[in-house]
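Working notes for the structure below.
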Amino acid sequence: MSTPEIDLVVYPDECDAFGHLNQASFLSLFERARWEMLRGGPGMDVFTRSGAWPALRKTVIDYRAAAFPGDVLRFQQVLTHHGRTSFTMRQTARRVQDDTLIASAEFVFVCIDRDGRPIPVPQEFSEYMNARRDSPGNVQRITVHGVNLAVEERGEGPAVLFVHGYPLDRTIWREQIGALEGFRCIAIDLRGMGQSDSPDLGYSMATYATDLAALLDVLGVDDVVLCGLSMGGYVAFEFLRQWRSRVRGLVLMDSRADADAPEVRRARDAAAATARERGAGAIADAMLPKMLAPATLSRRPDVAERVRALMASTPVSGIVGALAAMRDREESESLLPTLAGVPTLVVVGEADTLTPPAQARAMAAAIPGARLAVIPGAGHLPPVEQPEATTASLREFLTSLG
Ligand code: MLT
């Protein structure tokens, strides 16, 4: 189920002498978007029906860019906290025409009765909002750049953003985000994979990275430890190029910094043709032996089936898009020595043949101060094949960041 989006037009009477949308009108547009959202859902009278009123207790607004008469702003609302009598809603306003983030805001409400006493948040409202937030596994649906992404969040504390590889989805981090207490773990399905939309629009590392930045805006997260597996690492490099100040720490797991060699680029195109002609199942069959350590493949059919099913359910447009994005990505080897101020952990499965330990070791050596963790008994997917050891090495690193 998608998070409701509301489009509102900026009128001339809402703007100041220089034509910018003024502060008071910003507030009322955010409020109008909330009521419009309720009008399309449980009804504008969802509070009064239960004798409750959502009294605003706190507002924090971040003004990012100016808006002008005639601009259409797209408002998105996400419930970020739900208590017994209070709730917090985060809203963002983006200009539809160019997708610029105009403002983001956080509103804390307390439900009160006629005498001003706090009373429970009406159940109907909670159910409506939570249906958008807590679909199975705490999955939220958040739209950025017109594409609806599946995002799973667990825990509270410093934010860690988990980015999966190809052709996978956020569930590869299931064990880690369930176990890393003391951190706000955010795992997303990149566009084209998992439960996210899969537009046929052309994909690039920049597109994925821009999605991540917009998503963090919606979630109200300023900076993160960025943890990318394989292609997720390529996305992390692109994110670093554009938003380095938002990266508090970096985990590169079973990834690589070089660009594709000509024969690899040709193999990407051949794989895209296979996906188009024979579907995702053919890609899954070809990838599975490369994804897992021989011991995982031979002795743990449940893990092999989980990974195969994951790959086989990836939309073909997402597979084709990711292959093109990987084929065309720029090299990141020259970025590595510049990462001196970014605490980095390089992780690799001891039996990874796609991005072998020797390559991980060289990558760690090229990043000033980076640490290396080799996970025994894992191939290309340590978080799935050796979840406890992977979580332990992540926990140690994250805790060391203070
Ligand atoms: C991945 O796991 O994301 C891919 O193996 C990366 C690649 O093919 O370069």
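All ligand and atom numbering here is 1-based and tracks the order in the structure.
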- Should Arg256 be counted as touching ligand 1, given the test is an N or O pair under 3.5 Å?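 There is no such contact.
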- Please indicate whether any nitrogen or oxygen in Met291 is less than 3.5 Å from any nitrogen or oxygen in ligand 1.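 No: no nitrogen or oxygen of Met291 is under 3.5 Å from one in ligand 1.
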- Should the proximity of Arg327 to ligand 1, defined as any heavy atom under 4.0 Å, be assigned to the side chain, the backbone, both, or neither?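 Neither part.
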- Does ligand 1 have a heavy atom under 4.0 Å from the side chain of Lys290, from its backbone, from both, or from neither?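 Near ligand 1, Lys290 shows nothing, with every heavy atom at 4.0 Å or more.
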Would you mind listing which atoms of ligand 1 come within a distance below 4.0 Å of any non-hydrogen atom of [X]?
X: Gly165; result: 3 (O)
X: Ser230; result: 1 (C), 2 (O), 3 (O), 4 (C), 5 (O), 6 (C)
X: Tyr234; result: 6 (C), 7 (C), 9 (O)

- salt bridge (Lys or Arg N to Asp or Glu O under 4.0 Å) partner of Asp260, chosen from Arg327, Arg329, Arg266: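 Among the candidates, only Arg329 passes.
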- Message: Checking Ser400 against Arg371: is there a side-chain donor and acceptor pair closer than 3.5 Å?
- Response: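 The answer is yes; a qualifying pair exists.
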- Looking at Arg241 and Glu238, does any basic side-chain N land under 4.0 Å from a carboxylate oxygen?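 Here Arg241 pairs with Glu238 in a salt bridge, since their nearest N and O are under 4.0 Å apart.
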- Arg34 charged N/C atom sitting above Phe107 aromatic ring, 6.0 Å / 45°: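 Positive - Arg34 is close enough to the ring of Phe107 and near enough to its axis.
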- Query: Of the listed options (Met287, His380, Arg268, Met231), which comes nearest to atom 2 (O) of ligand 1 when hydrogens are ignored and any heavy atom counts?
  - Reply: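 Checking each option, the heavy atom nearest atom 2 (O) of ligand 1 is found in His380.
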- Query: Is Leu29 close to Leu21 at the side-chain level, that is, under 4.5 Å between some pair of heavy atoms?
  - Reply: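 SC-SC contact between Leu21 and Leu29 confirmed.
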- Does the side chain of Leu219 reach to within under 4.5 Å of the side chain of Ile142, using non-hydrogen atoms?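 Side-chain contact under 4.5 Å: yes.
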